[in-house]
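All ligand and atom numbering here is 1-based and tracks the order in the structure. Here the structure is a predicted model, which is why all the values come from computation and not from measurement.
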Amino acid sequence: MGSGSGDGSTFYRIIMSTGIIPVSRPLFALVDVNNFYVSCERAFNPNLINRPVVVLSNNDGCAVARSNEVKALGVKMGTPWFQLKDLAKQHGIVALSSNYTLYGDMSNRVMSILRDFSPHVEVYSIDECFLGLQGLQSLWPIPTGIGHKIRHRIRQWTTLPVCVGIGATKTLAKLANHIAKKQPAFHGVCDFSTMSYEQYEALLSTIDAGEVWGVGRQLNLHLNAAGIKTVQALRDTPPAWLRANFGVVIERLGYELRGISCLALEEVLAPKKQIISSRSFGQLIDHLTELSESVASHTSSAAEKLRRQNSVCNAIQVFIRTNPFREQEKQYSNCMTVPLPNASSDTRLLVRAALFGLKRIYRPGYAYKKAGVILTGIDSAAVHQESLFTLHGADDRSARLMKVLDQLNQRYGRETVSVFSVGSNKSWSMQRESMSPCYTTKWQDVPIAYAH
Ligand SMILES: [Mg+2]
């Protein structure tokens, strides 16, 4: 595929001079859901199809997802909603609050469909997934076929539209996906591996180098200044030159564009070493009671994440702050790290520690905008299970109780069962004025279909 000038890599020169391609040559697909949040909303509300739709960030701040109709109006990602109100009236833009429960569940559905196609899967983001296609040649002699099958099945089973890019490296698969999305002639699947040489070169010579995964704005400016404007030009730049000028990461990118895979699939997520749960309040709050409820709620969800990765933590940090943008008001922010007597993942123990810290940093008379917790000193639970001593929070009963808690909440929805301190009125919670129902995760929100 690559027709570059010579460079310092022996490996590369061997391939180019002998034409021998390694037998187990890797092949990747990148599957990406189009306008993911908007598409999830449309899946259950057909009234939104063909209408301009935006999904707003937490507290209904800015547009974080735009339908094609909204993109066509020139609305940029991250535009604050208040700036859009006139345009919205003019064009009938529908604005929805973000419904992360729905998006998370739809994402899981897409990923589980993809796991049927390949045993090698890297969930790259909520709506993007890399698949390893090597070894599947007998099932799919022409990789384009698997691309179309994936598209069709996800469409049929979830209604979500996806595009598929296929290439010899992750960087090429990502680029192919970009092309599949932008050029309707591909019908959603762009497969570099079966494309003719002429078509491939023609494509690469028309696409801006800035579209390559990992080429940021700054780097693109530098590349442009050096006369490297297209993906083709970037690929044909000697990797040694890229290394000398931009470092080893960009050199690797050069190899990836030449079809030499340097980035492996990351199939197993490394357990997180730090878990943060925090959020701005829907309105400013000043009472310790409400702050406590919010901190207890954040701690509960952080503890659940901790248990999901089979870990325990050694300490919890709690923090609160006022709104730094309201300069006319008194400002205060503080945090405190509370060490635990024993590593634990027990919600009750963590909440107690977090509230202990909160009481010490809380000062009355301030309008607080944000609170949260950070779990640190995270370690594998297995290491701690073998303890000879039955310690509070680390014992078997605690583990069983937490398991039941997680199962109930998973089955019946977030915070069906929670520790008492989380409270139930939630005056502090996020502003989400136009949130869609949790169609797929709450019994009372499951849509009803009528047949006549
Ligand atoms: Mg997407």
Side-chain angles (χ1 to χ4, degrees), residues 28-45 48-58 62-73 75-79 94-115 117-118 121-131 146-167 170-184 186-192 207-208 210-216 263 265-266 269 436 440:
F28 298 90
L30 177 71
V31 183
D32 186 330
V33 184
N34 306 347
N35 311 327
F36 180 58
Y37 297 168
V38 172
S39 299
C40 289
E41 298 288 351
R42 282 177 170 165
F44 295 93
N45 185 354
L48 300 173
I49 294 168
N50 296 327
R51 287 181 68 180
V53 180
V54 291
V55 173
L56 302 175
S57 59
N58 290 336
C62 340
V64 288
R66 303 153 297 154
S67 71
N68 287 343
E69 296 79 4
V70 172
K71 288 178 186 169
L73 291 172
V75 175
K76 295 267 169 291
M77 188 74 167
T79 312
V94 182
L96 297 165
S97 309
S98 35
N99 182 348
Y100 290 110
T101 315
L102 175 68
Y103 312 149
D105 186 61
M106 293 301 278
S107 171
N108 287 339
R109 288 166 193 235
V110 170
M111 301 310 168
S112 72
I113 294 171
L114 293 176
R115 284 192 184 90
F117 283 95
S118 168
V121 165
E122 175 189 342
V123 177
Y124 181 68
S125 72
I126 193 164
D127 71 329
E128 273 176 276
C129 184
F130 284 105
L131 300 184
I146 193 173
H148 283 293
K149 186 73 193 171
I150 287 172
R151 229 172 100 76
H152 181 253
R153 189 174 294 172
I154 293 178
R155 186 80 179 166
Q156 195 173 36
W157 290 10
T158 68
T159 81
L160 299 176
V162 304
C163 281
V164 184
I166 297 172
K170 282 167 87 174
T171 306
L172 287 173
K174 190 103 176 150
L175 185 68
N177 189 285
H178 167 79
I179 295 170
K181 209 159 265 176
K182 296 279 161 174
Q183 305 196 11
F186 284 96
H187 301 290
V189 180
C190 174
D191 174 12
F192 283 160
I207 296 166
D208 196 285
E211 297 296 347
V212 173
W213 190 32
V215 177
L263 301 169
L265 275 192
E266 288 167 28
L269 271 185
S436 53
T440 57

Check your understanding: Between Glu41 and Tyr103, is any side-chain donor less than 3.5 angstrom from a side-chain acceptor?
Key -> yes
**Study point:** Between Ser107 and Asp105, a side-chain donor and acceptor under 3.5 Å
**Key:** no
Practice item. Return the name of the atom in Asp32, of element N, O or S, nearest to the Mg ion (ligand 1). Key: OD1
Exercise for review: State the atom name: nearest N, O or S atom of Asp127 to the Mg ion (ligand 1).
Suggested key: OD2
Study note, to complete from the structure: Residues Met77 and Arg66: closest non-hydrogen pair is N-NH1, 3.6 Å
Exercise for review: Assess the pair Phe28 and Trp213: is the distance between their ring centroids shorter than 6.0 Å?
Suggested key: no
Check your understanding: Does Val33 bring an N, O or S atom to within less than 2.8 Å of the Mg ion (ligand 1)?
Key -> yes
